[in-house]
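Here's the structure we're looking at; comments come further down.
Lettering of chains follows the sequences in order, A, B, ..., and the numbering in each one begins at 1.
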Amino acid sequence: MDGVGGVVVETEAYAPDDPASHSFGGRTSRNATMFGPAGRLYVYRSYGVHWCANVVCAEEGVGAAVLLRALEPTAGLDLMRARRGMDDPHLLAAGPGRLTQALAITGVHDGVDLAQPPFMVVEPQDPPEVVASMRVGITRATDRPWRYSLAGSRFLSRPRPRA
DNA sequence: GTATTGATCTTCT
DNA sequence: GAAGATCAATACA
């Protein structure tokens, strides 16, 4: 959006029966979008200072989504730098909060359809090599290997991701 | 280099 | 009133 974009290099899965998921325990006013149709954007505030973006990926009423954890900037780098206030491309979107800030995603985008402008989702021609690992940044069910990252990428949310 | 803590707000107990 | 799917600055080795 606004000419900025990139390749998603790290994601994390959240299921309805996952204690760490917002959808765990039923539908609430906050996670209502998670229970909506697939292909929507679920945005929530983290620790009062950051936004986190998820892609709803299940049928309506299920409550499953994928958290976008890291992005490799490929377009609109100058704009991202201006918004993030730093020059290092490796840190522009290396983390949930950073990613949303770089793409200017806020709470107003909660529930929008990712197939509609200003968003655009493109699938890669060549399937990237991904590795599954244990999740990060949560305190429950951290043993579920539902963190998927692009193998060898230098744009991950952790300096040295362990497989 | 790693470790710890402050910022700041929504939701749930 | 406490916890949380975080980030960045500071303190220490």
Side-chain angles (χ1 to χ4, degrees), chain A residues 4 6-59 61-73 76-112 114 119 121 130-150 153-163:
Chain A
V4 300
V7 181
V8 177
V9 295
E10 186 179 356
T11 63
E12 217 163 82
Y14 288 92
D17 64 345
D18 179 358
S21 173
H22 285 176
S23 59
F24 180 74
R27 178 178 191 151
T28 69
S29 55
R30 170 179 56 179
N31 63 27
T33 305
M34 257 181 122
F35 291 85
R40 307 280 276 278
L41 192 66
Y42 165 50
V43 183
Y44 75 98
R45 199 190 309 283
S46 172
Y47 289 79
V49 279
H50 298 292
W51 294 102
C52 290
N54 300 249
V55 177
V56 181
C57 59
E59 298 289 314
V62 175
V66 172
L67 168 70
L68 303 181
R69 285 198 59 85
L71 184 95
E72 176 181 343
L77 290 209
D78 291 338
L79 196 51
M80 287 190 191
R81 275 196 284 260
R83 290 206 271 243
R84 297 274 300 115
M86 61 173 63
D87 285 339
D88 194 343
H90 296 109
L91 297 178
L92 283 180
R98 293 166 175 166
L99 183 148
T100 55
Q101 188 179 355
L103 296 183
I105 293 175
T106 67
V108 303
H109 299 106
D110 184 39
V112 303
L114 284 175
F119 294 99
V121 179
V130 296
V131 294
S133 56
M134 295 205 299
R135 296 190 290 183
V136 182
I138 54 178
T139 58
R140 308 181 73 79
T142 55
D143 57 332
R144 298 198 183 191
W146 288 353
R147 179 188 183 211
Y148 299 98
S149 46
L150 194 63
S153 176
R154 310 191 313 280
F155 296 87
L156 302 179
S157 62
R158 285 224 152 166
R160 290 188 292 282
R162 303 243 168 204

Inset, instruction - Identify, between A:Met86 and A:Ile138, the residue whose nearest nucleotide on DNA chain C lies closer to the 5' end. - result: A:Ile138
Measure [atom1]/[X] against [atom2]/[N] and give the value in whole Å, please.
| X | N | atom1 | atom2 | result |
| --- | --- | --- | --- | --- |
| A:Asp110 | B:dC9 | CG | C1' | 15 Å |
| A:Tyr148 | C:dA5 | OH | C1' | 16 Å |
| A:His50 | C:dA8 | NE2 | P | 6 Å |
| A:Met34 | B:dT11 | CE | C1' | 15 Å |
| A:Leu156 | C:dA5 | CG | P | 20 Å |
| A:Tyr42 | B:dT10 | OH | C1' | 10 Å |
| A:His22 | C:dG4 | NE2 | P | 10 Å |

Candidate nucleotides [options], ranked by approach to the side chain of [X] - the nearest:
| X | options | result |
| --- | --- | --- |
| A:Leu67 | C:dA8, C:dA5, C:dG4 | C:dA5 |
| A:Pro96 | B:dT8, C:dA5, C:dC7 | C:dC7 |
| A:Asn54 | B:dA7, C:dA5, C:dC7 | C:dA5 |

Between [X] and [Y] (side chain of the first, backbone of the second, donor and acceptor by atom type, cut-off under 3.5 Å), is there such a pair?
| X | Y | value |
| --- | --- | --- |
| A:Thr100 | A:Trp51 | yes |
| A:Arg40 | A:Gly111 | yes |
| A:Arg84 | A:Leu91 | yes |

Inset, instruction - Would you check if A:Tyr47 stacks with the base of B:dA7, given a 5.5 Å centroid limit and a 30° plane limit, both strict? - result: no
Legend entry - Stacking check A:Tyr44 vs C:dA5 (5.5 Å / 30 deg): no
Inset, instruction - Evaluate side-chain contact (heavy atoms from CB on, under 4.5 Å) for A:Thr11 paired with A:Leu68, printing each intermediate quantity in order. - result: CA-CA 5 Å; A:Thr11 63; A:Leu68 303 181; 4.2 Å; yes
Legend entry - Distance in Å, A:Arg147 CZ paired with A:Leu67 CG, rounded so as to fall on 0.5 Å steps: 10.5 Å
Legend entry - Counterpart base for C:dG4, defined by Watson-Crick or G-U wobble contacts under 3.5 Å: B:dC9
Inset, instruction - Report yes if at least one side-chain N or O of A:Arg84 is closer than 4.0 Å to OP1 or OP2 of C:dC7; otherwise report no. - result: no
Inset, instruction - Indicate whether OP1 or OP2 belonging to B:dT10 is found under 4.0 Å from a side-chain N or O atom of A:Arg45. - result: yes
